[in-house]
2 protein chains.
Amino acid sequence: MKKEPPQKYASKIFKKHNHNACFNDSMKAFQKHCVQKNLKLTPLRSKVFEFLLRDHQPLGAYQILDMLRDSGFASTPPIAYRVLDFLIEQGFAHKIKRLNAFVACSHPGSTHSPTFMICRKCDKVAEIDEKDSGIDLKKATSFDFKVEEAVIEFIGLCTSCVTVEAT
Amino acid sequence: MKKEPPQKYASKIFKKHNHNACFNDSMKAFQKHCVQKNLKLTPLRSKVFEFLLRDHQPLGAYQILDMLRDSGFASTPPIAYRVLDFLIEQGFAHKIKRLNAFVACSHPGSTHSPTFMICRKCDKVAEIDEKDSGIDLKKATSFDFKVEEAVIEFIGLCTSCVTVEAT
DNA sequence: AGATGTATGTTATATTATAACAAGGAGATA
DNA sequence: TATCTCCTTGTTATAATATAACATACATCT
Ligand SMILES: [Zn+2]
Ligand SMILES: [Zn+2]
Ligand SMILES: [Zn+2]
Ligand SMILES: [Zn+2]
């Protein structure tokens, strides 16, 4: 099995990045994934993924519903939750529990236990690599408990907001 | 400043422990804390803490409301949420996001970034020491982000439930 | 007693999420 | 082509979780 190359964009959303390339690459990866797995990349799914990708801002389900309405889609809760479930199952989105909101995954494709840094001031969210997070999941699994999944959310201040607050 | 002695009971709820002693010690610690900080340990607060302590099972706010009703207290949502907020602020309870439920803290007194192990089968929750969790918060703080708080929840199977599932 | 501050009680409502079932459409099968 | 099957989308209703705003009670201090 070939090792995935490291992701170029958006590994840290707090930094500037080439977002056009980031957006296009993500969309293409999603399309490719759906073809490979024989899943239907419908207009609805594509649109929701686009919303999440647009500026990496976490979106609540009801925000997404509003955006869908504006785009001419049906907009009752199950519509959004179903698509979000799909995106999460396929590894192209995550739920941020702290915000009850959803973000596009920053390194789709590879299975991973994402760690998030959430700015309590601007609500921006960065998804970081396991190796950079200070987390050692192997160490976490004790003989008392079999860890299957880790939900890790750091809350604090991003660089911009730290600066503002220091003023 | 004197170093806190290690907690004797319930550091891992999946293990058997002397629960009578655990219960009494926790109650006393809570009483002592309230006296020291000049906070009122009212019957309501005491009762809710007792519920949480009873068998370490995480309780939802509405479960607690039912139990309060049975004990002759008022039982509209703010009643429970306010007491829970109080217990959390004082460091005697935590919220488990995965379960939308609340547990008594296993090592109250010392400030800590709790890490939880949550059994997806029986919903039991153990709070573990930072040093045992495989988490290094200092390492997690990058120059891009100032970590103030960490929410860490491991989901998996406790020993009993692993055994059952293997059958 | 009167003033103050905190805790509790009450009413209403906001926010987030799911259950259950109906309708539509693409592709396979006959 | 007709029909079957599967999956997606649409609809209606409701569950589950949480908070806002305001009223009352009650202790403590003066
Ligand atoms: Zn981008
Ligand atoms: Zn920020
Ligand atoms: Zn105990
Ligand atoms: Zn279990």
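In what follows, chains are A, B, ... by sequence order, proteins preceding strands, each numbered from 1. Note that the structure is predicted; figures quoted are calculated from it, not measured.
- Two residues are said to be in side-chain contact when any heavy atoms from C-beta on lie closer than 4.5 Å; A/Phe92 and A/Phe49 meet this criterion.
- One atom, CZ of A/Phe73, and another, C1' of D/dT11, lie 17 Å apart when rounded to the nearest Å.
- Rounded to an integer number of Å, the gap from CG of A/Leu41 to P of D/dC7 is 17 Å.
- At whole-Å resolution of the value, CD1 in B/Ile79 and P in D/dC22 are 18 Å apart.
- Residues B/His94 and B/Phe102 keep their aromatic ring centres 6.0 Å or farther apart.
- Using a 4.5 Å heavy-atom threshold, the side chains of A/Cys22 and A/His56 count as touching.
- Atom CG of A/Leu39 is separated from atom P of D/dT9 by 12 Å (rounded to the nearest Å).
- The aromatic rings of A/Phe14 and B/Phe145 sit parallel, their planes meeting at an angle under 30°, below the 60° perpendicular limit.
- Heavy-atom minimum distance, B/Ala74 versus B/Leu68: O-CB, 4.1 Å.
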Base contacts versus sugar-phosphate-only contacts with protein, heavy atoms under 4.0 Å: please encode nucleotides 13-24 of chain C as B, S and - from 5' to 3'.
---BBBB-----
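- Residue A/Arg45 contributes atom CZ, which lies 14 Å from atom C1' of D/dG10 at whole-angstrom precision.
- Rotation axes derived from the C1' atoms of the five outermost pairs at either end of the helix from C/dA1-D/dT30 to C/dA30-D/dT1 lie 10° apart, to the nearest 10°.
- When rounded to the nearest whole Å, the span between CG of B/Asn38 and C1' of C/dA7 equals 14 Å.
- For the pair B/Leu44 CG and D/dA25 C1', the interatomic distance rounds to 14 Å; values are reported in whole Å.
- Taking each heavy atom of B/Cys161 and B/Cys119 in turn, the nearest pair found is SG-SG, 3.6 Å.
- Atom CG in B/Leu59 sits about 16 Å away from atom P in D/dA16, given to the nearest Å.
- Side-chain contact check for B/Glu149 versus A/Arg98: some heavy-atom pair is nearer than 4.5 Å.
- The number of heavy atoms from other shown groups lying within 6.0 Å of NZ (A/Lys121) is above 12.
- Considering only heavy atoms from C-beta on, B/Glu50 comes within 4.5 Å of B/Phe23 through its side chain.
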